[in-house]
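Remarks on the structure that follows.
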Amino acid sequence: MPELIEVEQYRRAVDVLVGRQIDDVVLPDPWFVKRGSPEELRASLIRRQITGTRRIGKLLLIDTDVDGPVLGVRFGMTGLVEVDGARPIGELLYSSIRRDPAWVRAELRTGGGSLAIVDPRRLGGVELDPDETRLGPDAATLTLGQLTTALASSHAPLKARLLDQARIAGIGNLLADEILWHAALAPDRAAADLDDRERRRLQRWIRATVATLLERGGSHLGDVIDARRPGGLCPRDGSPLRRATIGGRTTWWCPRHQR
DNA sequence: ATTGTGGCCTGCCCGC
DNA sequence: TGCGGGCAGGCCACAA
């Protein structure tokens, strides 16, 4: 599903639209517009020029003009982009590779082509001028100081804090399991109980895992993801993985080496 | 404020 | 072969 990794791939694809003018905006699904009406969004965006793309965590931001509105795009679990008719990502875990025209929830038409937001399950959405301050620092560039702040004085499980977008932006369920598996930390540890060495180890694995999966091209290409199933064995030591709900999400981890 | 829970949404997979 | 019930998780509203 789209996590930081996929959204960054989307952003790079959407970046080719920079410099183009938005000629038309198609919003067939009012539910997909999270703030304001489709008409308001259309009126704000038409005739604007796309000047840049940004990403904070899983939120894609499309800048327009100098003082123009910012279009925020969230992809939920099954959302993807098509830029000028092409998909930067072919395979998306938990989503469908089929192409149903009804799944196009938003479309920006430009002179040379278009940007389509395709989302079968409608868990994503578009929003004008999203509140960027609600998101914590991006996981791809997270510093040790930022991680320390994110984990401070918390009795919540470590994994729940990693998933909290207000504390750290960009980590989703698969990425969290992958990071904790590499860092050899149990997901149900109290977040504030990590010592200095463990926090440093975690910070390095957050950045390293993000970098590695970006190179591989997907959050589903981690080293432990294939073992997240009944009967799955730890790729490091062969122990049966344990499954539980932590932070409200299905969690798989190795009880032997993750402590 | 912090933390946990349930619901939204719907394609897909499994068992009958 | 068709059918129905779970399941997946990002995000948000809500409760304790």
Quiz item: Do Leu115(A) and Val16(A) share a hydrophobic cluster, counting only Ile, Leu, Val, Met, Phe, Trp and Tyr and linking them when any side-chain heavy atoms are less than 4.5 Å apart?
Solution: yes

Report each atom pair, protein N/O against N/O of nucleotides 1-6 of chain B, whose distance is under 3.5 angstrom.
residue, atom, partner, partner atom, Å
dT3(B), OP1, Ser154(A), OG, 3.1
dT3(B), OP1, His155(A), N, 2.9
dT3(B), OP1, Ala156(A), N, 3.4
dT3(B), OP2, Ser154(A), OG, 3.4
dT3(B), OP2, Arg161(A), NH2, 2.5

Quiz prompt | Integer-rounded Å distance: dC12(C) P and Met77(A) CE | solution = 17 Å

Quiz item: To the nearest Å, how far apart are Arg121(A) CZ and dG7(B) P?
Solution: 18 Å

Quiz item: Could you state the NZ-P distance from Lys34(A) to dC12(C), rounded to the nearest angstrom?
Solution: 9 Å

Quiz item: Do the non-hydrogen side-chain atoms of Glu6(A) and Phe75(A) ever get within less than 4.5 Å of each other?
Solution: no

Quiz item: Under 4.0 Å between a side-chain N or O of Arg134(A) and OP1 or OP2 of dC12(C)?
Solution: yes

Exercise. Under 4.0 Å between any heavy atoms, over every strand shown, what does Arg243(A) touch: base, sugar-phosphate, or nothing? Just pick one.
Key: sugar-phosphate

Practice problem: Rounded to the nearest angstrom, tell me the gap between atom CG in Leu80(A) and atom C1' in dG11(B). | Solution: 13 Å

Exercise. Report the distance from atom CD of Gln165(A) to atom P of dG10(C), rounded to the nearest whole Å.
Key: 8 Å

Quiz prompt | Short side-chain N/O contact to dC11(C) OP1/OP2 from Arg74(A), under 4.0 Å | solution = yes

Quiz item: Among Ile246(A), Leu185(A), Asp188(A), Asp193(A), which residue meets the side chain to side chain contact (heavy atoms under 4.5 Å, CB included) test with Leu158(A)?
Solution: Leu185(A)

Self-check item: Nearest-neighbour nucleotide for the Trp31(A) side chain, dC8(B), dG11(B), dC12(C) considered
Solution: dC8(B)

Quiz item: Can you check whether Val70(A) reaches Arg54(A) side chain to side chain, under 4.5 Å on heavy atoms?
Solution: yes

Self-check item: Spacing of Asp119(A) atom CG relative to dC11(C) atom P, expressed in whole Å
Solution: 12 Å

Quiz item: Are OP1 or OP2 of dC9(B) and a side-chain N or O of Thr78(A) less than 4.0 angstrom apart?
Solution: no

Self-check item: Flag side-chain contact, heavy atom, 4.5 Å: Leu61(A) against Pro130(A)
Solution: yes

Practice problem: Please state how far atom CH2 in Trp103(A) lies from atom C1' in dC12(B), giving the value in whole angstrom units. | Solution: 10 Å

Practice problem: Answer with yes or no whether the side chains of Arg121(A) and Thr78(A) bring together a donor and an acceptor at under 3.5 Å. | Solution: no

Quiz item: Who pairs with Arg161(A) by salt bridge (Lys or Arg N to Asp or Glu O under 4.0 Å), at least two apart in sequence or on another chain?
Solution: none

Practice problem: Hey, which sits more toward the 5' end of DNA chain C by its nearest nucleotide, Lys58(A) or Trp252(A)? | Solution: Trp252(A)

Exercise. Could you tell me the separation between the CG atom of Leu4(A) and the P atom of dC11(C), rounded to a whole number of Å?
Key: 11 Å

